[in-house]
Amino acid sequence: LGENEVFNTHIHMLSKEKITILTPDCKVEWVDETGIYYYGYGDSFEVDKGIKHALVNHSNFPVKFIVEWTPAMIGWEATF
């Protein structure tokens, strides 16, 4: 995710999503239907299928992360 970039609100109807932050000294904001949360290096968080969510990078540098979808997606399945 680029510096100060937003990954817009979207929803996965078939898979839950888990994100693990890989970049030291970063700050990201996770927004979903339950609230707004702040995470950094090494943190993991997830959202169940059918829940709208977005990710915001509050760092002045790109942030790398791993995304896991369960069950795994075939192609891209999301509605923006």
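None of the values given here were measured: they were computed from a predicted structure.
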inquiry  = Quick one, Ile19 with Trp30, criterion side-chain contact (heavy atoms from CB on, under 4.5 Å). Give me CA distance, side-chain angles, the key distance, then yes/no.
reply    = CA-CA 10 Å; Ile19 295 178; Trp30 175 258; 3.5 Å; yes
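Distance check, rounded to the nearest 0.5 Å: OG1 of Thr70 to NE2 of His12 gives 11.5 Å. Atoms CG and CG, from Leu22 and Asp43 in turn, are 11.0 Å apart once rounded to the nearest 0.5 Å.
Shown here for Glu77 and Ser15, the closest heavy-atom pair between the two residues is OE1-N, 4.1 Å. Residues Asp25 and Tyr41 come closest through the heavy atom pair N-CB, 4.2 Å. In terms of heavy-atom proximity, Leu14 sits nearest to Pro71 at O-CD, 3.4 Å. The two residues Gly50 and Met13 have their closest heavy-atom pair at CA-SD, 4.0 Å.
The hydrophobic cluster containing Val47 also contains Trp69, counting ILVMFWY residues as joined when their side-chain heavy atoms lie under 4.5 angstrom apart, directly or transitively. Under a hydrophobic-cluster definition in which Ile, Leu, Val, Met, Phe, Trp and Tyr are linked whenever side-chain heavy atoms come within less than 4.5 Å, directly or via other members, Val67 and Val6 are assigned to different clusters. Phe7 and Ile11 fall into different hydrophobic clusters, where Ile, Leu, Val, Met, Phe, Trp and Tyr residues are linked whenever their side-chain heavy atoms come under 4.5 Å apart, directly or through other members. Cluster annotation: Phe65 is connected to Tyr39 through the hydrophobic network of ILVMFWY side chains, with a link wherever side-chain heavy atoms come within less than 4.5 Å. In the hydrophobic cluster analysis, where Ile, Leu, Val, Met, Phe, Trp and Tyr join through side-chain heavy atoms closer than 4.5 angstrom, Trp76 is grouped apart from Ile66.
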Donor-acceptor contacts, no H, no angles, side chain residues 53-63, under 3.5 Å, sequence neighbours left out:
from  : atom 1 : to    : atom 2 : distance (Å)
His53 : ND1    : His10 : O      : 3.4
His53 : ND1    : Ile51 : O      : 2.9
His53 : NE2    : His10 : NE2    : 3.1
His53 : NE2    : Glu17 : OE1    : 3.0
Asn57 : OD1    : Ser59 : N      : 2.7
Asn57 : OD1    : Ser59 : OG     : 3.1
Asn57 : ND2    : Leu1  : O      : 3.4
Asn57 : ND2    : Gly2  : O      : 2.9
Asn57 : ND2    : Phe61 : O      : 2.9
His58 : NE2    : Glu29 : OE1    : 2.7
Ser59 : OG     : Lys27 : N      : 2.9
Ser59 : OG     : Lys27 : O      : 3.4
Asn60 : OD1    : Asn4  : ND2    : 2.9

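By the salt bridge (charged side-chain N to carboxylate O under 4.0 Å, His left out) test, Lys16 is found to be paired with Glu46, residues two or more places apart in sequence or in another chain being considered.
Put simply, the side chain of Glu68 never gets that close to the backbone of Lys18: no donor and acceptor are under 3.5 Å apart.
Annotation for Tyr37: atom OH counts as buried by contact number, over 12 foreign heavy atoms lying within 6.0 Å.
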